[in-house]
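Have a look at the structure below before the remarks.
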Amino acid sequence: LDLPADKTISSIGNWKQIFDSPNIIHAMILAKPGDIIPAITDSAKRTGFIIVQSNERENAITNAKINCEKLYEYIIID
């Protein structure tokens, strides 16, 4: 996930609903409320990730973007 750096996460909603989408293989939010979002300088600094599946590359990219946007909705930032 690519969230704005140097902001504080105030809360995270019930994001596990994201798995209702059949094309999601795995997703994880690694941050918790109170964490300050770091600037992404490498993959280890991401606040989460999502893995999707599709038979076509472009569909996989589109599904990833759509589902990341859905995941962002569960993260409240101060």
Side-chain angles (χ1 to χ4, degrees):
L1 298 177
D2 189 9
L3 298 171
D6 300 323
K7 301 288 184 182
T8 302
I9 296 174
S10 59
S11 67
I12 299 174
N14 184 15
W15 64 273
K16 301 283 184 168
Q17 298 172 38
I18 197 91
F19 290 107
D20 291 346
S21 176
N23 60 355
I24 294 182
I25 295 173
H26 190 61
M28 181 65 63
I29 296 177
L30 304 169
K32 60 187 181 311
D35 284 357
I36 297 172
I37 301 165
I40 298 175
T41 55
D42 60 72
S43 236
K45 298 222 184 339
R46 292 200 179 275
T47 52
F49 62 90
I50 192 163
I51 300 171
V52 299
Q53 66 181 357
S54 178
N55 292 333
E56 297 180 17
R57 180 181 184 274
E58 288 303 314
N59 285 345
I61 292 168
T62 299
N63 287 335
K65 288 178 181 178
I66 289 169
N67 285 296
C68 275
E69 290 297 321
K70 288 180 184 177
L71 206 51
Y72 292 148
E73 294 174 10
Y74 295 103
I75 302 170
I76 307 302
I77 299 171
D78 287 338

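We use all heavy atoms of the structure for the numbers below, so side chains are in, but hydrogens, waters and symmetry mates are not.
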Task: Flag, side chain of Thr8 to backbone of Ser10, donor-acceptor distance under 3.5 Å - done: no

Task: Non-hydrogen atoms of Ile18 and Asn67 that approach each other most closely - done: CD1-O, 3.5 Å

- [ ] Go through the steps to decide whether Ile9 and Ile36 satisfy the test side-chain contact (heavy atoms from CB on, under 4.5 Å), and finish with yes or no.
- [x] CA-CA 6 Å; Ile9 296 174; Ile36 297 172; over 6 Å; no

TODO: Would you mind reporting whether Ile40 and Asp2 have side-chain heavy atoms less than 4.5 Å apart?
DONE: yes

- [ ] Apply side-chain contact (heavy atoms from CB on, under 4.5 Å) to Ile29 and Leu71, showing your working.
- [x] CA-CA 9 Å; Ile29 296 177; Leu71 206 51; 4.1 Å; yes

Task: Donor-acceptor pair, side chain of Thr47 and main chain of Leu30, under 3.5 angstrom - done: no

TODO: May I ask you to test the Asn23-Ser54 pair for a side-chain heavy-atom distance under 4.5 Å?
DONE: no

Open item on the list: Tell me the closest heavy-atom pair linking Ala64 and Ile50, and the distance in Å.
Closed with: O-CG2, 4.2 Å

Open item on the list: Walk me through whether Ile37 and Asp6 qualify under side-chain contact (heavy atoms from CB on, under 4.5 Å).
Closed with: CA-CA 5 Å; Ile37 301 165; Asp6 300 323; over 6 Å; no

Task: Taking every non-hydrogen atom, the tightest pair across Pro33 and Ser11 - done: CG-CA, 4.0 Å

Task: Side-chain heavy-atom pair Ile25, Val52 within 4.5 angstrom cut-off - done: no

Task: ring pair (Phe, Tyr, Trp, His ring centres under 6.0 Å) partners of residues 11-40, not counting sequence neighbours, each pair once - done: His26-Phe49

Task: Non-hydrogen side-chain atoms of Asn14 and Lys16 separated by less than 4.5 Å - done: yes

Task: Atom of Pro38, atom of Lys45 and distance for their closest heavy-atom approach - done: CG-O, 3.4 Å

- [ ] Could you grab the distance from atom CG of Asn63 to atom CD of Glu56, nearest 0.5 Å is fine?
- [x] 10.5 Å

TODO: Could you tell me whether a side-chain N or O of Asp35 sits under 3.5 Å from a main-chain N or O of Ala31, the two making a donor and an acceptor?
DONE: no

